[in-house]
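Okay, so here's the structure we're looking at.
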Amino acid sequence: MLSYRHGFHAGNHADVLKHIVLVHLMRYLTQKVKPLWFIDTHAGAAAYALDEGYATKNAEYESGIARLWGRADLPQPLADYVEQVRVLNPDGVLRRYPGSPQLAMQLLRKQDRLRLFELHSSESRLLQQYFRDDAPRAIVQAGDGFAGLQSVLPPPSRRALVLIDPSYEDKADYRHVLAALRDAQKRFRAGVYAIWYPQVQRRESRQFPGELKQLQEKDWLHVALTVKKSAAGGLGLHGSGMFILNPPWLLPKAVELAMPHLAQALAQDSSAGFTLECELA
C-alpha cells in the first residue's frame, strides 16, 4: 500500500470522473457565504507533471484528460472541469494535471479551509512543501486519513465536503472506508461525502456500491464509468465509480448531462458505458 504513487495514473479516466464530480460539488457548495471545509483523506501530491517522471511510464492521461483537452463541443460539466485543468496549463499545452488539493485551492474562497491527509511519506512531504505558505487556509497532516477524518469532524462552520479516495491496493480499504463513513455520520451527518472506488476484478469492488447504499436509505448518488472490458487475468482498472452521500440537488442533472459524452470520449472498447442511480429525499 505504501508503495502506491498516484503520479503513475495522473489524469487517467478515473481522475477525470472523480474531478468532474468534485468541480461541480465545489462550485455549488461555495455559493453560500458560510465557510466550507474541504477534507481529503488521501490527498496525494497537489499537482502532477505529465511530460516527465511517473506519468510518462504508461501515459494513462492520454486515454483520460487528453481526449477532452482539445474539444470545443463539451457539455458544461465537462467544460467546467477542463477549464480548471487549463489553470495549470495557461499556454494551452497539456503538461500538468491538478490533483484534488490543487483543484480545491483553485475553486475555494479565502474563507474556506483545506484539511489534507497523506500517509505516504514522500507524497506528504511534497504536499507540505506545496502548501507551506498557505496556512491556516490549507493544513497538511502526514498520517492516516481515516484517523485524521475523526479529528476534524464536525468542522467549526458545520459545512464540509469530504473526499475519501484511497488506492484500494489493500483490500481492507473497502472495510476502512465503510467504517470511516459510519463514524463520520455520527459526528457530522450533514456533511457531503464523496467516495471514489475502482472497478477491478475483485469481489470487494463489485459489492462496494451496494454496501455504500446501506449507509443511508435516501440522499445518495452513484455514478460509475466503465471504459473497457475487464482483463481476462483479472488485473488492471477497467473503470471507477463515485458515490456521494448528501449530494446537492443539481448534481444528478449535471452528471446525467456529462456521462453519455464522457463514456463516448473515453471508451477503449465496445464494453464502455456508465451507470447512474440516485435516491434523493
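Numbers here are sequence positions counted from 1.
In this structure, CH2 on Trp196 lies 10.5 Å from CG on Leu163, to the nearest 0.5 angstrom. Rounding to the nearest 0.5 Å gives a distance of 7.5 Å between CZ of Arg96 and CG of Asn89. Here the CZ atom belonging to Arg67 is positioned 10.0 Å from the NE2 atom belonging to His13, to the nearest 0.5 angstrom. One distance of note links CD1 of Ile164 with CZ of Phe117; it measures 11.5 Å at 0.5 Å rounding. Of the inter-residue distances, the one linking Ile20 atom CD1 with Leu262 atom CG reads 4.5 Å to the nearest 0.5 angstrom. Here the CG atom belonging to Leu215 is positioned 11.0 Å from the OH atom belonging to Tyr193, to the nearest 0.5 angstrom.
In this structure the side chain of Pro98 never reaches within 4.5 angstrom of the side chain of Gln84, judged on heavy atoms. Looking at Leu114 and Val140, their side chains never come closer than 4.5 Å, going by heavy atoms from C-beta outward. Using a 4.5 Å cut-off on side-chain heavy atoms (C-beta onward), Pro166 and His42 make contact. In this structure the side chain of Leu74 reaches within 4.5 angstrom of the side chain of Leu68, judged on heavy atoms. Counting heavy atoms from C-beta outward, Leu250 and Tyr28 have side chains that approach closer than 4.5 Å. In this structure, the side chains of Gln128 and Arg132 stay at 4.5 Å or more apart for every pair of heavy atoms. In this structure, the side chains of Leu22 and Ser100 come closer than 4.5 Å at one or more pairs of heavy atoms. Here the side chains of Leu225 and Met259 are in contact, with some heavy-atom distance below 4.5 Å.
Phe38 and Leu88 fall into different hydrophobic clusters, where Ile, Leu, Val, Met, Phe, Trp and Tyr side chains are chained together by heavy-atom contacts under 4.5 Å.
Between the side chain of Arg86 and the backbone N or O of Trp69, at least one donor-acceptor pair lies under 3.5 Å. No donor-acceptor pair closer than 3.5 Å links the side chain of Asn12 to the backbone N or O of Glu60. When atom types are taken as modelled, the side chain of Asp51 and the backbone of Thr56 share no donor-acceptor pair closer than 3.5 angstrom. Side chain of Arg159 to backbone of Thr30: no donor-acceptor contact under 3.5 angstrom is found. Listed for the Asp173 side chain is a donor-acceptor partner under 3.5 Å among the backbone atoms of Tyr168. Within the 3.5 Å criterion, the main-chain N or O of Leu280 finds no donor-acceptor partner in the side chain of Asp219. A donor-acceptor contact shorter than 3.5 Å is absent between the side chain of Glu118 and the backbone of Ser121. Of the possible donor and acceptor atoms, one in the side chain of Ser157 sits under 3.5 Å from a partner among the backbone N and O of Pro35. Looking at Asp40, its side chain never comes within 3.5 Å of a backbone N or O of Leu116 through a donor-acceptor pair. With hydrogens and angles disregarded, a donor-acceptor distance shorter than 3.5 Å links the side chain of Asp112 to the backbone of Arg109.
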Problem set entry | Stepwise side chain to side chain contact (heavy atoms under 4.5 Å, CB included) check, Ile195 with Met242 | CA-CA 6 Å; Ile195 301 95; Met242 288 290 288; over 6 Å; no
Problem set entry | salt bridge (Lys or Arg N to Asp or Glu O under 4.0 Å) between Glu83 and Arg27, intermediate numbers included | CA-CA 13 Å; Glu83 178 186 0; Arg27 283 194 178 279; 3.7 Å; yes
For this session: Might you work through the side chain to side chain contact (heavy atoms under 4.5 Å, CB included) test for Gln76 and Asp80, ending with a clear yes or no?
Result: CA-CA 6 Å; Gln76 198 62 48; Asp80 287 347; 2.7 Å; yes
Problem set entry | Pair Asp15-Tyr61, side chain to side chain contact (heavy atoms under 4.5 Å, CB included): steps then yes or no | CA-CA 9 Å; Asp15 265 357; Tyr61 72 93; over 6 Å; no
Exercise. Checking side chain to side chain contact (heavy atoms under 4.5 Å, CB included) for the pair Val192/Leu245: CA distance, chi angles, key distance, verdict?
Worked result: CA-CA 6 Å; Val192 177; Leu245 294 172; over 6 Å; no
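Tyr174 and Glu211 share no side-chain donor-acceptor pair at under 3.5 Å. For Gln199 and Thr226, the side-chain atoms include at least one donor-acceptor pair closer than 3.5 Å. Between the side chains of Tyr97 and His19, at least one donor N or O lies within less than 3.5 Å of an accepting N or O.
For Gln150, the CD atom sits in a packed shell: over 12 heavy atoms of surrounding residues, nucleotides or ligands are nearer than 6.0 Å. Atom CD of Glu256 has 12 or fewer heavy atoms from other residues, nucleotides or ligands within 6.0 Å.
For the pair Arg158 and Trp37, the NZ or CZ position fails the cation-pi test of under 6.0 Å to the six-membered ring centre and within 45 degrees of the ring normal.
Closest heavy-atom contact between Leu266 and Gly64: CD2-O, 3.5 Å. Pairing each heavy atom of Ser205 with each of Pro198, the nearest pair is OG-O, 2.5 Å. The heavy-atom pair separating Ala258 from Pro77 by the smallest distance is CB-CB, 4.0 Å.
Residues Arg202 and Glu169 are not paired through a salt bridge, judged by the lack of any N-O separation under 4.0 Å between the basic side chain and the carboxylate. Taking the charged nitrogens against the carboxylate oxygens, Asp165 and Lys18 do have a contact shorter than 4.0 Å, which makes a salt bridge. A salt bridge links Lys213 to Glu277: one of the charged nitrogens lies within less than 4.0 Å of a carboxylate oxygen. The residues Lys186 and Asp183 are annotated as not salt-bridged, no charged nitrogen and carboxylate oxygen being separated by less than 4.0 angstrom.
Taking the ring centroids of His222 and Tyr197, they lie under the 6.0 Å cut-off. Ring centers of Tyr81 and His24: at least 6.0 Å apart, outside the cut-off.
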